[in-house]
Amino acid sequence: MERSNSSVVSEFILLGLSPAHDLQLPFFVPFTLLYMATVLGNLLILLTVISSPHLLCCPMFFLLYHLSFLDLCLASFATPRALLGLLSHDKAISFQGCMAQIFFLHVFTGSEMLLLTTMAYDRYVAICQPLHYASLMSLRHCLGLVVFSWSGGFLHATIQLSFMINLPFCGPNHVDSFFCDIPLVMKLACTNTDALEVMMVANSGLLSLVSFLALLVSYGFILSAVRSRSSAEGTSKAFSTCSSHLIVATLFFGPCLFIYLRPFTRFPTDKVLSVFYTAITPLLNPIIYTLRNKEVKAAMRRLWTKRVV
């Protein structure tokens, strides 16, 4: 990663969840448990789906499999290092490491935004156009949608990193978070970044907004179709499912919209919001999208019986 000759900062200091030393251990225990639950939950989903060919061939579970993999990546790109930082006093991260965190953060979040939108589209086709579901959501089309999600996330992250990589850093190097992100690091640059901030908002903010609106439209059509066709019990069940999906999606998209779809002014809540989309939603996704599903629970029981017995 080449930088301008005027850059003299070779590393950044991640202040973590709190700069207070007496809070390091109290933060370490719950966040370690949260991370372990996230990893184990998503690994369980991956193992269950891949060991059940009938699930892996189903479009919904094929997409859920990739969502769990993305959640595992999103939870792991910075959290293990942050947990180690809570135990030690070494908060430094190299310039290259900081840029790598920015890149992977936006690869995984951008890909997950597009994948969540794809999953909403999958449910829309299944409920609103059931006769065309087999052709519109064939395994080949699903694979294409997953490739599109990853490609979109990679393109999004590449654009973001191209803005950051050549900025000169010659002064303060303290990042008030447990990972590097663009709004925080850009403010440390020794140059005017107003134009770059506009481009960042146009890239990250609009991607978040358009994806979230598309997801809302899909679920809106689903609820409208179910309400006109189903009984009161079917409508209630569909509303319960859609509302739980929307809650998790809002927990993911909401912080992203708040952080990126505005001028880069730092708010005290930003650090809390960053925890939601990097730590909380990767744990909630397998619970809401997968573990409530009867087919997945049955496959888990078969897997458990096979491994234990």
Side-chain angles (χ1 to χ4, degrees), residues 41-74 107-154 210-226 229-230 234-235 237-249 252-253 281-282 284-303:
N42 284 289
L43 283 177
L44 179 60
I45 300 304
L46 292 174
L47 183 60
T48 300
V49 175
I50 203 169
S51 64
S52 306
H54 71 286
L55 289 183
L56 194 58
C57 293
C58 175
M60 180 176 70
F61 296 112
F62 180 80
L63 296 175
L64 284 170
Y65 174 87
H66 288 277
L67 177 65
S68 288
F69 180 74
L70 267 172
D71 282 332
L72 193 59
C73 294
L74 185 58
V107 167
F108 300 142
T109 54
S111 299
E112 184 154 331
M113 286 177 189
L114 296 174
L115 187 61
L116 287 171
T117 306
T118 297
M119 292 170 63
Y121 171 73
D122 168 70
R123 293 298 83 205
Y124 162 76
V125 175
I127 294 174
C128 300
Q129 300 184 38
L131 298 178
H132 302 286
Y133 184 74
S135 59
L136 290 176
M137 296 303 296
S138 65
L139 193 58
R140 181 171 62 87
H141 288 165
C142 288
L143 183 59
L145 291 171
V146 170
V147 171
F148 167 75
S149 299
W150 277 100
S151 300
F154 184 82
V210 171
S211 298
F212 188 52
L213 290 177
L215 186 145
L216 291 178
V217 169
S218 295
Y219 280 116
F221 278 122
I222 290 171
L223 290 175
S224 177
V226 170
R229 300 176 191 173
S230 303
T235 302
K237 183 177 179 181
F239 180 79
S240 174
T241 301
C242 290
S243 61
S244 61
H245 289 190
L246 285 172
I247 289 172
V248 175
F252 179 76
F253 281 99
T281 54
L284 292 179
N285 278 340
I287 297 173
I288 298 298
Y289 282 97
T290 310
L291 296 181
R292 294 177 62 188
N293 187 282
K294 293 181 180 179
E295 291 182 70
V296 174
K297 288 191 287 188
M300 285 181 177
R301 284 193 292 269
R302 288 194 298 270
L303 179 64

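Please read all numbers here as calculations on a predicted model, not as lab measurements. These numbers come from the heavy atoms of this one structure, side chains and all, not from hydrogens, waters or symmetry mates.
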Any side-chain heavy atom of [X] sitting closer than 4.5 Å to one from [Y]?
| X | Y | value |
| --- | --- | --- |
| Leu114 | Leu145 | no |
| Leu246 | Leu216 | yes |
| Thr118 | His66 | no |
| Leu215 | Met113 | no |
| Phe62 | Val49 | no |
| Leu284 | Phe252 | no |
| Leu56 | Ser52 | no |

Discussion item. Other residues, nucleotides and ligands only: do more than 12 of their heavy atoms fall within 6.0 Å of CD1 on Ile50?
Written reply: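 At most 12 heavy atoms, drawn from other residues, nucleotides or ligands, come within 6.0 Å of this atom.
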Practice prompt. Using a cut-off of 6.0 Å, state whether more than 12 heavy atoms not belonging to Phe61 lie near its atom CZ.
Written response: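 Yes.
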Got a donor-acceptor contact below 3.5 angstrom from the [X] side chain to the [Y] backbone?
| X | Y | value |
| --- | --- | --- |
| Asn42 | Pro282 | yes |
| Ser218 | Tyr124 | no |
| His132 | Val125 | no |

Looking at every non-hydrogen atom in both residues, tell me the closest pair between [X] and [Y] and how far apart they are.
| X | Y | answer |
| --- | --- | --- |
| Leu136 | His141 | O-ND1, 3.2 Å |
| Tyr219 | Ala120 | CE1-CB, 3.8 Å |
| Ala225 | Cys128 | CB-SG, 3.5 Å |
| Val248 | Thr281 | O-CG2, 3.9 Å |

Let me confirm one number: the [atom1]-[atom2] distance from [X] to [Y], rounded to the nearest 0.5 Å.
| X | Y | atom1 | atom2 | result |
| --- | --- | --- | --- | --- |
| Met60 | Cys142 | CE | SG | 11.0 Å |
| Ser211 | Leu115 | OG | CG | 11.0 Å |
| Leu116 | Leu63 | CG | CG | 10.0 Å |
| Phe154 | Phe108 | CZ | CZ | 11.5 Å |
| Ile127 | Tyr133 | CD1 | OH | 10.0 Å |
| Leu64 | Thr48 | CG | OG1 | 11.5 Å |

Worksheet item: Which is it for Tyr121 and Met137 under the side-chain contact (heavy atoms from CB on, under 4.5 Å) test, yes or no, and what are the steps along the way?
Response: CA-CA 10 Å; Tyr121 171 73; Met137 296 303 296; 3.8 Å; yes
